[in-house]
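Chain naming here is simple, since letters A, B, ... match the order of the sequence lines and numbering starts at 1 in each. All values below were derived from every heavy atom in this structure, side-chain atoms included, with hydrogens, water molecules and symmetry-related copies excluded.
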Amino acid sequence: MDFPTILQVLDSTIRLATPLLLACLAGLFSERAGIFDIGLEGKMLIAAFFSAAIAYTTGSVWMGLLAGVASSMVLSALHGVASITFRGNQLISGVAINFLAAGMTVLIAQDWFSQGGRTPSLSGGARFNAITLPFAEALQGVPILGPIYHDLISGHTILVYVAFLMVPLTWWILFRTRFGLRLRAVGENPAAVDTAGVSVVGLRYAAVAICGVLTGVAGAYLATGLQAGFVKDMAAGRGYIALAALIFAKWRPWYALMSTMLFGFLQAVALRPDLIQNTIGIRVQVQLLDALPYILTVIILAGFVGRAIPPRAGGAPYVKER
Amino acid sequence: MDKMPAWADVVLIPLISLLLAAILSAVVILAIGESPVEAFNLMVDGALMRSSGWGYTLYYATNFIFTGLAVAVAFHARMFNIGGEGQAMLGGLGVALACLYVPWPHWTLAMLGSTLGAAAFGAAWALIPAYLQARRGSHIVITTIMFNFIAAALLNYLLIGVLKPTGSMEPASAKFDPSFALPTFQQMFSSADAPLFRGAPANVSFFLALAACLFVWLLIWRSRLGYEIRAYGWSQTGAKYAGISGTRIIIISMLISGGLAGLMAVNTTQGEAERLILNSTEGAGFIGIAVALMGRNHPFGVLLAAILFGFLYQGGAELALWTNIPRELIVVIQALVILFTGALDNMVRMPLERIFLALRRKES
């Protein structure tokens, strides 16, 4: 494999890992606060649809992003009402949200655009376009570093950079602010937080809302950055891969970056089966690469390679003493 | 003292939840510019007014009975088996292997073989998540979700590789021997002057599903093992104190659950397609969740809920055929049913409990 090809694969790794990273950080906020969220998939899907639909009708991708985030937050609110206010089963609520999004997106897309459950393809200002970072052209001639800067680091859409910046920001919020401390505490021992006079319900709603914003951005990136328009079921299991990455990362932000990059890399390689054959000399089945994130997660979950311990109060609704 | 009479819990709450789901679905249909009343009439007409409609309704219901029972059995041990889809896919593999590589002399024996194959493969696919839950504490929901994807990849691999007959372009196994075909309702109940169930895929595996309902009822409420499963689901510490092994209960109940989900493949793979195809499950594993929640985890409730969802499925196909409403409407209805009967259960329950308490106070 030569240098340009490696850069090419890594470039598509970054692009494919971005939605995973955003969704993974979204899940991180929610699960650290004790709210399991298997509805990441559905929220990404609905955000993908609304961002594409609104971006197409208004011609502005920023309006699309706003609509995507809003729609994802509506589903987040539903999850919050079900699992915080009515103390329902968070897993069942997540499943319901996934189906709701899968059905509603096609239903509305068919009603609005009559193109068999997709939006018209987006172009120009209705999409997030690649940004060339300063000096990328000028530095292109520098050996090794020049192409890395020009091809790999520069030339992505703004949401990619936002996603990467979210990693230190998430770390800072969770581990260096009072809000973050309380958020983590509410996922470990909500009773203690309650005793300290801080609202458990409020904190959990805040976490679920942040989760909605981030999945909304992830979905908008899918439809307006990575691809140009919404197609039926376009999240294609990414919400579940993000969930897997979250476990792989043991619910920590920097590890989340690594695990989503790894899973993004697997997706990028799966697109180029010829490369693997040339590099290691054996033909690896694409299906194996597809299944690898899930297999790795099961192995991690099994605790054979380092133990993944979820937040202790995860999944349990908090009942205040009466 | 119970806050509510038992009948309210079993009948009233599911009915109110269903009503809420139906109202919201009607709003959705209105919003996309169609008439809910007309849509409902069309669904009833297509699914229930003709025997061939019933043939499709019961065919779908057969799938949902199996997957619904699978979810219900796991729920009794307080586990959420979301992996019915993957287990049913592997069940299909079991059916295909039994039908492709064994020269059965008669369809009854072939059905016996495929039943065992489907149950064994489905159960085996549930075994690893069950073991990991019991021994390593990995959450069963996450592992079964992962196993759904692994199953899909595995089947995809097999159907474009080993199982695909040479020269075929389609990702599907070879056709089974025609003599293994299960008798359809048309063959069983039609006579020359009274044709019934014409062209419908409902077949003898519907009775296998009914037998499975009976089996689950006997297991859960009339057997020692069922008592232990319920005890474990009710209180893990209490069950442990009573000498019930949690590991054993988790593994056995998941094996039964996986086996039941796998059995669905007898209906789809041997009964209908007569070969193993990609995505033969069509999401039935997930509908099992809605069916079990709606049916309150009781086999009889599961049977009724499965027929309801069979009706929705067949009716939805009719809608997609005659109106502008896409099939995905069913997915929305399914989501709403899961939401109201599962996640928002307390939203319906709390006001009802208050009403019943108020009534009781007035009496005394």
A:M104 and B:V28: side chain to side chain contact (heavy atoms under 4.5 Å, CB included), yes or no, with the steps? CA-CA 9 Å; A:M104 287 304 275; B:V28 169; 4.2 Å; yes
Begin from the C-alpha positions of A:T85 and B:N346 and carry the test side chain to side chain contact (heavy atoms under 4.5 Å, CB included) through to its verdict. CA-CA 9 Å; A:T85 305; B:N346 277 337; over 6 Å; no
Verify side chain to side chain contact (heavy atoms under 4.5 Å, CB included) between A:V298 and B:F147, making sure each step is shown before the conclusion. CA-CA 8 Å; A:V298 171; B:F147 267 68; 3.8 Å; yes
Side chain to side chain contact (heavy atoms under 4.5 Å, CB included) for A:L91 and B:H139? Distances and angles first, verdict last. CA-CA 11 Å; A:L91 299 163; B:H139 205 296; 4.0 Å; yes
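Within the 4.5 angstrom heavy-atom criterion, no atom of B:I128 approaches chain A. Using a 4.5 Å cut-off between heavy atoms, B:A31 touches chain A through its backbone atoms (N, CA, C, O) alone. Using a 4.5 Å cut-off between heavy atoms, B:I32 touches chain A through backbone and side chain atoms alike. Neither the backbone nor the side chain of B:I330 comes within contact range of chain A, judged by heavy atoms closer than 4.5 Å. Residue contact with chain A, scored on non-hydrogen atoms closer than 4.5 Å, involves the side chain of B:F80 exclusively. At a 4.5 Å heavy-atom cutoff, A:I108 makes no contact with chain B through either its backbone or its side chain. With a 4.5 Å cut-off on non-hydrogen atoms, B:F340 does not touch chain A at all.
Dense packing is recorded around CZ of A:F113, with more than 12 heavy atoms of other residues, nucleotides or ligands lying under 6.0 Å away. No more than 12 heavy-atom neighbours from other residues, nucleotides or ligands sit within 6.0 angstrom of CD on B:E38. Within a 6.0 Å radius of CZ in A:F29, other residues, nucleotides and ligands contribute more than 12 heavy atoms. Taking a 6.0 Å sphere around CE of A:M258, one finds it holds 12 or fewer heavy atoms contributed by other residues, nucleotides or ligands. Counting heavy atoms of neighbouring residues, nucleotides and ligands inside a 6.0 Å radius, atom CZ of A:R118 does not exceed 12 of them. Other residues, nucleotides and ligands contribute at most 12 non-hydrogen atoms within 6.0 Å of the NZ atom of A:K232.
The distance from atom CD of A:Q287 to atom CG of B:L159, rounded to the nearest 0.5 Å, is 10.0 Å. Separation of atoms CZ (A:R87) and CE (B:M347) is listed at 14.5 Å; rounding is to 0.5 Å. Within the model, atoms CD1 of A:I247 and OG1 of B:T143 stand 9.0 Å from one another, a figure rounded to the nearest 0.5 Å. Taking CG of B:L154 as the start and CG of A:D290 as the end, the distance is 12.5 Å to the nearest 0.5 Å. How far CD1 of B:I142 is from CZ of A:F36: 7.0 Å, rounded to the nearest 0.5 Å.
Looking at heavy atoms from C-beta onward, A:L288 lies out of side-chain contact with B:Y157 at the 4.5 angstrom threshold. Counting heavy atoms from C-beta outward, B:L339 and A:L78 have side chains that approach closer than 4.5 Å. In this structure, the side chains of B:R349 and A:F86 stay at 4.5 Å or more apart for every pair of heavy atoms.
The minimum heavy-atom distance between B:A335 and A:F99, with the atom names listed, is CB-CB, 3.5 Å. Closest approach of B:A343 and A:I92 over heavy atoms only: N-CG2, 3.8 Å. Among all heavy-atom pairs drawn from B:I338 and A:A96, the shortest one is CG2-CB, 3.8 Å. Here the shortest heavy-atom pairing between B:M146 and A:Y240 reads CE-O, 3.9 Å.
The greatest number of non-hydrogen atom pairs below 4.5 Å with chain B, out of A:S93, A:A82, A:G88, is found for A:A82. Between chain A and the options B:I289, B:I82, B:I150, B:D345, heavy-atom pairs under 4.5 Å are most frequent for B:I150.
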